[in-house]
Amino acid sequence: MNCEVAPSAFLMEGYLTIEEQKGLILRCKDLGSEPAGFYTPSMRTGAYMNIQMMCLGLHWNAKTYKYENVRTDFDELPVQPLPQHFKEISRRIAADVGMAIEPDICIVNFYTGAGKLGLHQDKDERPETLKKGIPVVSISLGDSCNFLFGGTARKDPVRTILLKSGDAFLFGGPSRMCFHGVSSIIAGSAPAELKVSGRYNLTFRQY
Ligand code: SIN
Ligand code: MN
């Protein structure tokens, strides 16, 4: 069921089957254990983020907030390519709500039970992409989380949305610059069949 939580921001509950979820988790684990796999980003302040991250297609530099081909803020390794199969899933999600994305980037975040992500905007993609409102497409796998979704100003009211394994969420159009974050992970809430602990989140972006 698709629910438009704000203009052009959609929650698509239960979008992926358990088999699709298993396949994506396996792929994330495989890619994540490659040399240019998961790592813990440190920010401009020097503090570490409360998540592990792996970028595909283009690397998001947590110090400069720019995209690059090589992980210059971490280990200088070239970023791994974005698998064709991943691209297709994100295109399909966008098309299902009448939107379009030509993804170049997937940022895969892994959250343990203590993981969280502060309120922020996704604004490091090309200005044309932001201006056109091309959506960010997000897929959640494993443990559920409390996802925060606000308005285009930091002070705007924020709602909490439960994102569960297999849910897709997308925000584009006038909601593309909405503040969002993850306040908590619900440890142990992943479907038993997935045999996973922690939460994977994939966000697809058009550079
Ligand atoms: C993000 O904002 O980049 C990730 C959001 C999420 O983990 O659901
Ligand atoms: Mn974000």
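No hydrogens, no waters, no symmetry mates; every other heavy atom, side chains included, goes into these values. Each ligand, and each atom within it, is numbered from 1 in the order the structure gives.
The closest approach between Tyr111 and ligand 1 falls below 4.0 Å for a heavy atom of the residue. Within the structure, ligand 1 lacks Gln121 among the residues with a heavy atom less than 4.0 angstrom away. For the pair Asn109 and ligand 1, a heavy-atom separation below 4.0 Å is found.
At a threshold of 4.0 Å, the pair Lys132-Glu102 does not count as salt-bridged, since none of the basic side-chain nitrogens sits closer than that to a carboxylate oxygen. With salt bridges taken as basic N to acidic carboxylate O contacts below 4.0 Å, none links Glu128 and Lys131.
Nearest protein neighbour of atom 3 (O) of ligand 1, counting heavy atoms only, is Arg205 NH2, 3.3 Å. Of all protein heavy atoms, the one closest to atom 4 (C) of ligand 1 is Asn201 OD1, 3.4 Å. With hydrogens left out, the protein atom closest to atom 1 (C) of ligand 1 is Leu117 CD2, 3.5 Å, a heavy atom.
Close contacts of ligand 1 with His180, meaning ligand atoms under 4.0 Å from a residue heavy atom, involve 2 (O). Near Val182, with a cut-off below 4.0 Å to any heavy atom, the atoms of ligand 1 are 6 (C), 7 (O), 8 (O).
Of the polar atoms of Arg199, at least one N or O is found under 3.5 Å from an N or O of ligand 1, judged by distance alone. In terms of polar-atom proximity, defined here as any N/O pair under 3.5 Å, Asp122 makes no such contact with ligand 1. Any N or O atom pair closer than 3.5 Å counts here, and Ser140 shares no such pair with ligand 1.
With a heavy-atom cut-off of 4.0 Å, Lys116 does not touch ligand 1 at all.
No side-chain N or O of Asp104 forms a donor-acceptor pair with one of Tyr67 less than 3.5 Å apart.
Asp122 contributes atom OD1 as its closest N/O/S atom to the Mn ion (ligand 2). Shortest distance from the Mn ion (ligand 2) to His120 is reached at NE2 (N/O/S atoms only).
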Legend entry - Tyr111 and Leu117: CA distance, side-chain angles, deciding distance, side chain to side chain contact (heavy atoms under 4.5 Å, CB included) verdict: CA-CA 9 Å; Tyr111 302 75; Leu117 186 63; 3.5 Å; yes
Inset, instruction - Could you check Val5 against Phe171 for side chain to side chain contact (heavy atoms under 4.5 Å, CB included), going step by step and ending with a plain yes or no? - result: CA-CA 9 Å; Val5 301; Phe171 51 102; over 6 Å; no
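Enclosure of atom NZ in Lys22 by more than 12 non-hydrogen atoms of other residues, nucleotides or ligands within 6.0 angstrom is indicated.
Using modelled atom types, no side-chain atom of Asn50 and backbone atom of Gly115 make a donor-acceptor pair closer than 3.5 Å.
Shown here are the side-chain contact (heavy atoms from CB on, under 4.5 Å) partners of Glu76, two or more places apart in sequence or in another chain: Val70, Thr72. Thr152 meets the side-chain contact (heavy atoms from CB on, under 4.5 Å) test with Asp156, Met177, Cys178; sequence neighbours excluded.
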